[in-house]
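Order of the sequence lines fixes the chain letters, A, B, ..., with proteins taken first and strands second; residue numbering starts at 1 for each chain.
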Amino acid sequence: MSQKFVSRGFTGKRERAGGQGARVPPGQHLVSDFPVLSAGPTPRTDLARWTFTIDGLVTAPVSWSWADFQHLPVQDFVKDISCVTKWTKLDTRWRGVSVDTLFEHVELDPRAVALIASCDGGYTTNLLLSDALNGQAFVAYEYDGKPLAPEHGGPARLVVPHLYFWKSAKWVRGLRLVNKDAPGFWESLGYHIRGDPWKEQRYTDD
Amino acid sequence: MNDNDVVRDLTLDGNAVAGLLEEVFGADMTTADGECAHCGSANAVGALRAYTRAPGVVLRCPACGGVIARIVQTPRGTLVDLRGAAHLAMRR
Ligand SMILES: [Zn+2]
């Protein structure tokens, strides 16, 4: 939490000095388009067969159909996002369900400290619970007022805007609670286990 | 830009990363034969699907889509994951 206040203080000072530049983390540049990055082909998931599951270290796993997921309390989010390939996009507009809301439906085992997000196509990424809760992460299914396009991760993607965007897993289908923060797809091959753009945590040991 | 343009743009073959592979392996790899550890199919490395608009390069099997190789270049070196390749055969 203290970290948050420190960076807010910085933002205030730099905002007066440099406008939008104060919102751009070190080593990043602003873009106005929305680059598409992908480690594999774009899956086309039939919504009739789509499910979202929370399992692992929970008392009882929970799974929603697409229709059920649409009935969960929804929120709008306007967030700046930063990709490790060095682009930053300001004020991206999303609609989705916060991870906090999803976790209201499960009882976490006290040993749970992290989660691994799994996706259609086999992609995974890891997150500490301390990076997933308190409004910091959500599962988005609309972008800019429209259903989230498949190339941007639709039907639904995890969005964790305070970390590099590889953490915002496209085509997300579930979160598994685990007792150890174990590296996902990119974190296991040279990328930072956490990936905070303001600390330039790009690669392992940064 | 419609979906199909985007997807087509992202899907290259192994020949598109010939230079990177030569840097990593010290030889032209595009004509090397690779066996997919997931499904057993054999393909020239140049015929694998290559995904390069990503934090690293991902080579996938054209038959099953499984990941055959991942290559990440960082300021401190190059990392290569070949768990998805049962073997690679380089010609002399
Ligand atoms: Zn295969």
Side-chain angles (χ1 to χ4, degrees), chain A residues 26-28 31 33-45 82-87 119-125 143 146-155 163-171 183-193 195 197 200-206, chain B residues 1-14 16-17 20-21 23-25 34 36-39 41 43 45 47-86 88:
Chain A
Q28 299 288 112
V31 296
D33 61 339
F34 193 167
V36 173
L37 279 79
S38 186
T42 301
R44 305 281 162 160
T45 307
S82 288
C83 177
V84 74
T85 60
K86 302 199 168 175
W87 55 265
C119 306
D120 282 323
Y123 185 77
T124 60
T125 191
Y143 175 74
K146 293 193 269 299
L148 182 60
E151 69 268 23
H152 285 302
L163 299 178
Y164 282 123
F165 214 46
W166 85 75
K167 295 286 187 185
S168 294
K170 295 179 174 188
W171 314 304
F185 187 86
W186 288 121
E187 296 88 353
S188 66
L189 199 72
Y191 281 94
H192 196 275
I193 188 88
E200 268 206 280
Q201 294 173 336
R202 297 178 192 276
Y203 304 106
T204 310
D205 301 329
D206 274 353
Chain B
M1 206 190 281
N2 71 37
D3 291 1
N4 290 335
D5 291 337
V6 172
V7 174
R8 215 176 10 250
D9 193 34
L10 289 174
T11 308
L12 304 168
D13 68 30
V17 291
L20 171 65
L21 293 171
E23 205 179 302
V24 170
F25 292 94
C36 174
H38 310 283
C39 75
S41 76
N43 288 283
V45 170
L48 301 178
R49 302 238 166 91
Y51 294 86
T52 61
R53 296 227 312 222
V57 167
V58 180
L59 295 176
R60 290 178 179 267
C61 172
C64 75
V67 176
I68 290 187
R70 299 185 295 158
I71 303 169
V72 169
Q73 293 179 299
T74 84
R76 293 184 280 279
T78 301
L79 294 109
V80 183
D81 170 8
L82 285 171
R83 278 174 296 180
L88 292 171

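- With rounding to the nearest 0.5 angstrom, the OG1 atom of A:Thr85 is 10.0 Å from the CZ atom of B:Arg53.
- Nearest heavy atom pair, residue A:Gly190 against residue B:Thr74, reads O-CG2, 4.3 Å.
- In terms of heavy-atom proximity, A:Trp186 sits nearest to B:Val57 at CH2-N, 4.4 Å.
- For a residue to count as touching a neighbouring chain, one of its non-hydrogen atoms must lie under 4.5 Å from one of that chain's; by this rule B:Arg49 does not touch chain A.
- Smallest separation of non-hydrogen atoms from A:Gly40 and B:Arg60: CA-NE, 3.3 Å.
- Looking at B:Arg70, the atoms closer than 4.5 Å to chain A (heavy atoms on both sides) sit in the backbone and in the side chain alike.
- Neither the backbone nor the side chain of A:Tyr164 comes within less than 4.5 Å of any heavy atom of chain B.
- Between B:Arg76 and A:Thr204 the shortest heavy-atom distance is NH2-O, 2.6 Å.
- Contact record, A:Ser38 with B:Tyr51: O-CB, 3.6 Å, taken as the closest heavy-atom pair.
- With a threshold of 4.5 angstrom between heavy atoms, B:Val80 approaches chain A through N, CA, C or O but not through any side-chain atom.
- Contact annotation for A:Tyr203: both backbone and side-chain heavy atoms come within less than 4.5 Å of a heavy atom of chain B.
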